[in-house]
Amino acid sequence: MSVQIYKGTIVTSETIDTLEVYEDAYLTVEDGVIRSIGDNIPDTYKDLPVTDYGRSLLIPAFSDLHIHAPQYHERGVGMDCLLFDWLNTYTFPEEARFADTDYARTAYAQVIRDLLRHGTLHANFFTTIHYDASDLFFRMLQKSGLYAFAGKLNMDMNSPDYLVEETEQAIADTERFVAEHPGDDHVKPILVPRFAPTCSEKLLKGLGRIAESYHVGVHTHLVESRAEAAWAAELFPQYGSDGAIYEGCGLLGHGPAIMAHVIFPTEVEERILEKYDVVSVHCPDATTNITAGIMPVRRMQKQGFRIAAGSDIGGGHHTGVYTQAARAVQLSKLKEFYEPENERLAFANAFYMATAEGGSVFGKAGRLAPGYRFDALVIDSMENEGKELTPLERLERFCYIGDDRNIRERFVDGRRIDPEEVYRKMLGC
Ligand code: GUN
Ligand code: FE
């Protein structure tokens with residue numbers, strides 16, 4: 001059995017409202033799983049060496065539940081557009097480049113390296129419509145150490161002629177993708193219809209049949225702007241709303257359902273969120289950049305809905321999802337300012353989204369507690385000389401002003417991960 005012992009200040013979500021702090025505590029790991037956290041080392045391990053991280057923080061790894069991997073190279077560009085202009089002008093031409101698997105390899109290797117650098121060790125991805133590049137990405141993920149969901153993207157209408165699938169072929173390719181990529185403990189396939197306005201009913205129903213036959217989940221966008229919700233309802237009058245379309249086409253209930261944005265949930269969407277235990281993904285930067293409105297996060301949390309955090313690269317411009325915990329608090333304050341009935345988030349509520357809730361999709365992950373995997377980060381103290389901060393202040397400060405240079409170590413399954421080494425491996429895929 002392999003055992004490691006670490007000493008440091010541990011901060012982890014206890015509940016959605018509370019953070020638990022263990023100052024100068026010992027954390028023991030047995031075969032990648034946390035065995036104990038406390039002031040003492042269990043007797044059996046008394047003689048083993050201890051890695052002491054001093055005033056650094058030990059925190060759970062971050063989980064980013066909505067990333068468009070092929071949009072990595074367009075981050076921070078076209079950010080004054082609204083959704084549809086941004087898609088047509090910047091995103092669709094960039095995604096079309098993934099017909100070239102060499103371009104895809106270079107871009108995907110960088111995304112994976114940079115997510116690891118920024119402490120995202122669990123991730124849920126969009127790809128492009130291209131089979132070969134999506135297959136390559138899946139295989140890269142399997143060698144990366146990340147815990148991930150990924151699939152082949154689908155879109156067969158209202159799309160440019162250089163980036164569109166033929167319906168029957170789309171269904172056949174997606175079934176082949178799922179059949180040929182059963183995945184493993186770390187990386188699993190998921191269905192990825194882009195969003196209702198670019199998918200025909202025939203395609204969505206075909207995906208619904210695949211979901212049922214192969215027990216796979218679905219990752220898409222849901223009521224992400226008023227314009228999107230209205231367009232989906234107009235295109236699918238027989239269903240009438242985004243959520244009802246995915247439900248009616250049989251996509252829900254066969255695996256995890258992960259829905260980005262959910263800014264304007266109606267009663268129909270709320271019923272669906274509850275019935276299918278949907279994880280909604282709050283992506284505050286993207287919401288600000290290219291969509292409209294602010295998710296009613298605190299209200300939805302209090303209603304008991306599951307909400308995780310996402311970067312939504314490249315609609316969002318930041319790689320580290322910890323920045324989105326900070327931005328979620330900021331946006332919630334604006335929402336409360338304009339709509340006082342919408343209570344703002346406390347920092348603990350936001351950190352929970354980026355760790356415990358997101359991590360729950362990847363097994364026993366997202367918290368530091370006995371029985372959970374040691375998927376964790378070691379973060380600098382974030383203190384300036386002469387001014388000490390409490391552990392909670394240090395954590396909040398990291399999410400607001402920290403970056404990848406403040407992450408000293410990354411662990412998955414108790415094993416140290418080196419982003420540069422992974423990058424070299426990815427380029428060889
Ligand atoms: N809706 C449909 N496609 C996209 C996309 O690529 N990014 C975002 N944020 N929203 C979308
Ligand atoms: Fe998105």
Side-chain angles (χ1 to χ4, degrees), residues 66-78 81 83-115 123-144 148-181 183 187 189-200 202-204 206-207 210 216 218-221 260 290 312-315 423 425-429:
H66 184 58
I67 309 173
H68 297 259
Q71 295 173 13
Y72 199 61
H73 289 353
E74 56 165 309
R75 280 165 308 136
V77 173
C81 294
L83 177 61
F84 298 133
D85 287 342
W86 173 78
L87 286 174
N88 287 314
T89 313
Y90 297 96
T91 299
F92 292 156
E94 178 60 21
E95 289 191 14
R97 297 198 63 180
F98 286 70
D100 173 356
T101 41
D102 288 333
Y103 185 73
R105 180 180 300 101
T106 322
Y108 284 153
Q110 287 173 34
V111 182
I112 292 171
R113 177 196 62 196
D114 292 0
L115 288 170
N124 180 37
F125 292 103
F126 263 53
T127 52
T128 62
I129 58 173
H130 310 100
Y131 191 95
D132 290 345
S134 304
D135 162 64
L136 172 66
F137 184 54
F138 198 94
R139 288 187 285 107
M140 289 168 86
L141 287 172
Q142 288 187 293
K143 291 190 177 164
S144 71
F149 284 95
K152 193 196 90 60
L153 185 98
N154 289 120
M155 51 202 278
D156 72 336
M157 65 178 197
N158 295 319
S159 306
D161 53 10
Y162 60 83
L163 190 72
V164 66
E165 297 176 289
E166 190 279 310
T167 309
E168 297 288 353
Q169 191 67 45
I171 296 169
D173 285 351
T174 306
E175 177 156 14
R176 181 180 149 217
F177 190 92
V178 170
E180 288 183 1
H181 300 82
V187 186
I190 197 160
L191 298 173
V192 198
R194 177 165 221 125
F195 64 159
T198 58
C199 298
S200 67
K202 189 171 170 193
L203 171 59
L204 291 174
L207 297 182
I210 297 171
V216 275
V218 61
H219 172 202
T220 188
H221 299 92
I290 50 142
D312 195 12
I313 286 165
Y423 179 60
K425 211 193 300 179
M426 298 294 96
L427 290 177
C429 280

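Side chains included, hydrogens not; waters and symmetry mates left out as well; all remaining heavy atoms used. This structure is a prediction, so every number in the text was calculated from the model and none was measured.
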Quick one: are Leu87 and Leu83 in side-chain contact, heavy atoms under 4.5 Å?
yes

Can we call the ring centroids of Phe125 and His66 under 6.0 Å apart?
no

Using the benzene-type ring in the case of Trp, are the ring centres of Phe138 and His181 under 6.0 Å apart?
yes

Would you say the side chains of Asn158 and Thr198 form a donor-acceptor pair under 3.5 Å?
no

First locate atom CE of Met155, then atom OG of Ser200, and finally report the distance between them rounded to the nearest 0.5 Å.
12.5 Å

Do Asp156 and Thr167 have a side chain donor and acceptor closer than 3.5 Å?
yes

For the residue pair Asp135 and Phe177, what are the closest heavy atoms and their distance?
N-CE1, 3.6 Å

Determine whether the aromatic ring centres of residues His219 and Phe126 are separated by less than 6.0 angstrom.
yes

Compute the centroid of each ring, for Phe98 and then for Tyr108, and state whether the two points are separated by less than 6.0 Å.
yes

Assess the side chains of Gln110 and Asp114: does a donor N or O sit below 3.5 Å from an acceptor N or O?
no

With a 4.5 Å cut-off on side-chain heavy atoms, are Tyr131 and Glu180 touching?
yes

By side-chain hydrogen bond (donor to acceptor under 3.5 Å, both in side chains), Arg97 pairs with (sequence neighbours left out) none

Hey, is Glu95 close enough to Arg194 for a salt bridge, meaning N to O under 4.0 Å?
yes

Output the distance between atom NE2 (His73) and atom OH (Tyr103), rounded to the nearest 0.5 Å.
4.5 Å

Over 60° means perpendicular and under 30° means parallel, so classify the ring planes of Phe195 and His221, tilted if in between.
perpendicular

Will you find, in the side chains of Thr91 and Gln71, an N or O donor that is under 3.5 Å from an N or O acceptor?
no

